Amino acid sequence: MGDWLDEWLTQLPSESVPVHLIPAVRRRLAWERRRERTLQRAGAWLGGIAAALAMVLSGSRLGAQIGLLNPPPLGELGAALQAASASPAQALTDLSARVASWAGALDSWLLLTLALLALPAIYAASRLISLESHQMGGTW
Amino acid sequence: MSTWKLILIALLLLSVVVLVFSSASPRSPLMERGLARWSQRHPSWVLRGAEDRSWTENLGLQLGSVLSQFLTGVVMIYLAPARTKRIADVLTRGPAALLRYLGIGLMLAVAMVAIGLLSALAVYTFPLPFILVAVFFLAALGGTIALTLTVGKALLGRAGWPAAHPWTQLAMGTLLLFSLSRLPYVGLGLLAIAAVLGAGAAVATHFGSGRPWTLAPLIEGRET
């Protein structure tokens, strides 16, 4: 709800509007805005809790056991990128095979961790995008 | 000659110097160790891009890469000029907006990896990771090209050529960003930041369509 509605309410022709209508509309607007803020706050809390849970789960011994949290050494990463730039098709095939075998070995707790990571990430992205959309006149 | 013209010329010279030095410099110890491990596990032709070459060969390769990136940008700005302009425009809104786009890109990358891995496990959604990667790659590519255009336009504008041809703006931006990505140790990080920022800006502007992201069509009584 934009503030321009408040401005419009003051410009309505007074003779054709019932006396109680404008206060009623203002009350409804205030209620809608409170509801929107409450929903946003609840979403932020849920996102935060999901992110915290994901951090706890991914930091647990379970995560470390299957090597999820062992990132490849920086040198290997650089070499991988160079190899990828040399033969992208081979690198893609290689990466797909690695991801498939890695994902197949995932524990159910880690699947939950991934889902819990995706949830706050999408929520945060949607909040940031909604700022842009509001500027363009849309509603999220 | 104005200060900005001097800065522009200095940046161009510096970019060329970075390209020459990065062609001539030896691989970092980290890269050497990584290659040694990789060469045990992979056939030699997979690591062809990382093999030792003379500095002139490296320079030729780098110049070819700059040219190919520039031509990719040219194709993109001809395919979607209005979309590229919208993305480029939002990238000039200041540091707060840039941080927001960086945040959007980062969050989407995290979500994409998580969703991609989760969907790879189900038979009916297993192609999704490839689609997600392709979408993110295109967003990053479009956004990065818009970023190079913005950088080139800003520098040329300050130097007194505000009406420079888009090809010139693109060439200027491409050379600068490419040489930045070739800096030792920080280059790959800078490239990743540019890609994430570009992807964030592209997604925030609805892939440069200028239309807001909205759920209005799904809500009864709302205009579409």
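Computed from a prediction, not measured in an experiment: that's the story for all the values here. Scope of the values below: all heavy atoms of this structure, side chains included, with no hydrogens, waters or symmetry mates. A note on names: the letters A, B, ... follow the listed sequences, proteins ahead of strands, and every chain is numbered from 1.
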Peer 1: Taking all non-hydrogen atoms of both residues into account, name the closest pair between A:Leu128 and B:Gly103 and its distance.
Peer 2: CD1-C, 3.7 Å

Peer 1: Looking only at non-hydrogen atoms, find the nearest pair between B:Ala111 and A:Ile122 and report the distance.
Peer 2: CB-CG1, 3.5 Å

Peer 1: Around A:Trp45, counting heavy atoms of other residues, nucleotides and ligands shown, do more than 12 lie under 6.0 Å from its CH2?
Peer 2: no

Peer 1: Heavy atoms only: give me the nearest A:Ala118-B:Ile115 pair and the separation to one decimal.
Peer 2: CB-CG1, 4.0 Å

Peer 1: Which residue out of B:Ile104, B:Val90, B:Leu106, B:Val133 racks up the most heavy-atom pairs below 4.5 Å with chain A?
Peer 2: B:Ile104

Peer 1: What's the separation between atom CG in A:Leu117 and atom CE in B:Met107, rounded to the nearest 0.5 Å?
Peer 2: 9.5 Å

